[in-house]
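Atoms within each ligand, like the ligands themselves, are counted from 1 in listed order.
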Amino acid sequence: MPGNHLHCVSVPTAMTAKRPRNLILILGDQLSRSLSALADADPSVDRIVMAEVAEEAGYTNHHRKKIALIFSAMRHFAQTLIDEGFQVDYHRFDPHGAHHSLGDVMRERAEQVSPERVVMTRSGEWRLESLIDEWQLPVPLERRDDDRFIASIERFQRWAAGKKQWRMEFFYRELRRETGLLMNADGTPVGGQWNFDADNRRKWKGDPPAPAPFFVEPDPTTQGVLTLVAEQFPEHFGSLEGFGYAVTRRHALAALEHFLTQRLPWFGDFQDAMSDQEDTLFHSLLAPYLNCGLLTPMEVCRAAEQCYHQGRAPLNAVEGFIRQILGWREFVRGIYWTLMPDYAQENRQGNDRALPWFYWSGETKMRCMQQTINATQRNAYAHHIQRLMVTGNFALLAGVRPEEICDWYLAVYADAYDWVELPNTLGMVMHADGGVLGSKPYAASGKYIHRMSDYCRQCPYNVQHTTDEDACPFNSLYWHFIDRHRDQFAANPRMGMIYRNWDRQDRNRRSATIARAEQLLANIETL
Ligand SMILES: Cc1cc2nc3c(=O)[nH]c(=O)nc-3n(C[C@H](O)[C@H](O)[C@H](O)COP(=O)(O)OP(=O)(O)OC[C@H]3O[C@@H](n4cnc5c(N)ncnc54)[C@H](O)[C@@H]3O)c2cc1C
Ligand code: SF4
């Protein structure tokens, strides 16, 4: 694509004199032609604004690949709109320019072109929605709902109303019925069950080999963005090397096809597996595209379903994959918009530990943590089980302050946006919401990591030991977590057995375990 077609402000002659009808703002995670703000857009009367601003790029320590992905995808999207005949006022990142925020940009543009109104699709983040509330524009602002999700927020709230507990599985089943995804004509689930989780817990031992991730050679637009990000964000987390993300819809669709062909058939079997050698195994790597709008959730679910019907992938894989999108993705969004802004302040376990520095540096002897954090630095990616059971589990066991670990997850992953990151981290990982998102914490000792990976073989710590000098930190920290939160969890029917096991242990052994954990916590930066 010719990068020089994208001007800061491009003004076709027919439009110059006329007052535009709508000035349409498109955000960096709204790169979908089906966006509600664009539904009635007409190049002859409407005008579009897109802006790379410091306020959005710099409000947290975003991974540099994440910034590059979003800026490049925005520039490509703007170009496709220009090619359709739209006039796009595109503001490139300029730290010395007058516009540090979207509010600045929109106020100035609205004053200059005097449209009848500003139109936008609601932002996906509470933070930005609150900033938008404060905008003082000279013309009315019309905010439209974001209908790119499978369920609206009202749909989630209708389902949630009056229920004592919100469990993803039941919301998911309703959405299966409503969409017909993997459903028989008589209303029963294909395969006779809703869920094939029990089949999806295999350890990966190298067979079949993990396919190389989908890769797109950066074009001149992306190369320009990579240079910009290297220059302007030198202190931000993560490496820009090997940038190969899709930044157009065409390439995102190719990434989807790559997943369906090369990974989906084994997605289920190895969904929970981790490997010391392979960063991504059989995961889809599609979240960055779904979350910035290059793909839509329904088209991805339908494509996976079709693979099942065509015999290209087994049911446990396809159902497992669809559940992540139709179930988890929709569910966490509903929780976010129903419980914000108070949700972000939750800290039901009263955690007060700072996030250890090794989350940013990767300098730790714990092999599982080191490999997960290093992959995160290189790729702006770690798969779900690494996020949940390694870096997340450690933060849970160590009692890290929720806001610090949430900020880390928001910064380091290319797919991270508040509406999806926050419930996953604060709720699923930290259990800081007291069980809104999950019925029990996903706390685990080193045994789980050992069972699902080969990290422990390369680790100086011994996963079989709990109290010795070389003992795996996860082991004693796990029991310390269980012991210190007895009041909160002992009555939980899903945790009774854990407490009985702990109480059955010899008193001296329990004391030694707690002492070891306390020594680790006192020296946490050296682990
Ligand atoms: C602590 C923590 C933080 C997370 N932060 C984010 C985040 O910021 N953005 C994000 O998209 N996902 C987040 N997730 C969920 C999940 O880990 C990622 O969606 C997934 O790893 C992305 O990789 P993938 O595309 O290869 O996913 P796959 O494993 O291939 O899954 C397919 C798709 O399902 C969806 N999905 C899977 N699990 C979840 C989930 N728990 N919640 C919502 N969607 C899900 C994603 O869209 C994903 O692309 C987080 C999970 C944890 C435990
Ligand atoms: S021994 Fe413990 S710290 Fe080391 S890799 Fe295994 S689980 Fe991680």
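Side-chain contact between W479 and W502: present, with at least one pair of heavy atoms (C-beta onward) separated by less than 4.5 Å. Looking at heavy atoms from C-beta onward, F149 lies in side-chain contact with R329 at the 4.5 angstrom threshold.
Contact annotation: F259 has no heavy atom less than 4.0 Å from any atom of ligand 1. Using a non-hydrogen distance threshold of 4.0 Å, Y413 does not register as a contact of ligand 1. Taking a 4.0 Å cut-off on heavy atoms, F331 fails to register as neighbouring ligand 1.
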Under 3.5 Å, which donor-acceptor pairs link side chains of residues 266-274 to any protein atom two or more places apart or in another chain?
| residue | atom | partner | partner atom | Å |
| --- | --- | --- | --- | --- |
| D269 | OD1 | N316 | ND2 | 3.0 |
| D269 | OD2 | R202 | NH1 | 3.2 |
| Q271 | OE1 | N200 | ND2 | 3.2 |

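The nearest heavy-atom contact from the protein to atom 38 (N) of ligand 1 is Q324 OE1, 3.4 Å. Scanning the protein for heavy atoms near atom 42 (N) of ligand 1, the closest one is N424 ND2, 3.0 Å. Protein heavy atom nearest atom 28 (P) of ligand 1, with residue, atom name and distance: S284 OG, 3.7 Å.
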Report task. Evaluate the criterion side-chain hydrogen bond (donor to acceptor under 3.5 Å, both in side chains) for residue pair S32 and R148; output intermediate values, then yes/no. Result -> CA-CA 8 Å; S32 319; R148 295 172 300 163; 2.8 Å; yes
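Numbered from 1 in the order shown, with element, the atoms of ligand 1 that lie under 4.0 Å from a heavy atom of V429 read 1 (C), 53 (C). Distances below 4.0 Å separate heavy atoms of N291 from the following atoms of ligand 1: 9 (N), 10 (C), 11 (O).
Less than 2.8 Å away from atom 8 (Fe) of ligand 2, the protein contributes these N/O/S atoms: C368 SG.
Closest heavy-atom approach to atom 51 (C) of ligand 1 among the candidates H283, H384, E330, Q386: H384. Here atom 8 (O) of ligand 1 lies nearest to A416 when heavy atoms of G392, A416, A255 are compared. Atom 39 (C) of ligand 1 has its nearest heavy-atom neighbour, among W328, W419, W408, in W328. The option from Y417, F321, F267 that lies nearest to atom 32 (C) of ligand 1, judged by heavy atoms, is F321.
Of the heavy atoms in Q271, none comes closer than 4.0 Å to ligand 1. With a heavy-atom cut-off of 4.0 Å, D415 touches ligand 1 through backbone and side chain alike.
Sorted by first and then second residue, the pairs that involve residues 150-160 and meet side chain to side chain donor-acceptor pair (under 3.5 Å), not counting sequence neighbours, are R155-E174, R155-E178, Q157-T338. Pairs engaging residues 515-527 under the side chain to side chain donor-acceptor pair (under 3.5 Å) rule: H480-E518 [sequence neighbours left out].
Using a 4.0 Å cut-off between charged nitrogen and carboxylate oxygen, D415 and K66 do not count as a salt-bridge pair. K205 and E278 are not joined by a salt bridge, as no carboxylate oxygen comes within less than 4.0 angstrom of a charged side-chain nitrogen.
Ligand 1 has an N or O atom lying under 3.5 Å from an N or O atom of L285, backbone or side chain. Not one N or O of Y409 is nearer than 3.5 Å to an N or O of ligand 1, by distance alone.
Cation-pi contact between R387 and Y413: present, with separation from the ring centre below 6.0 Å and deviation from the ring axis of at most 45°.
No side-chain donor from either of T513 and T467 sits under 3.5 Å from a side-chain acceptor of the other.
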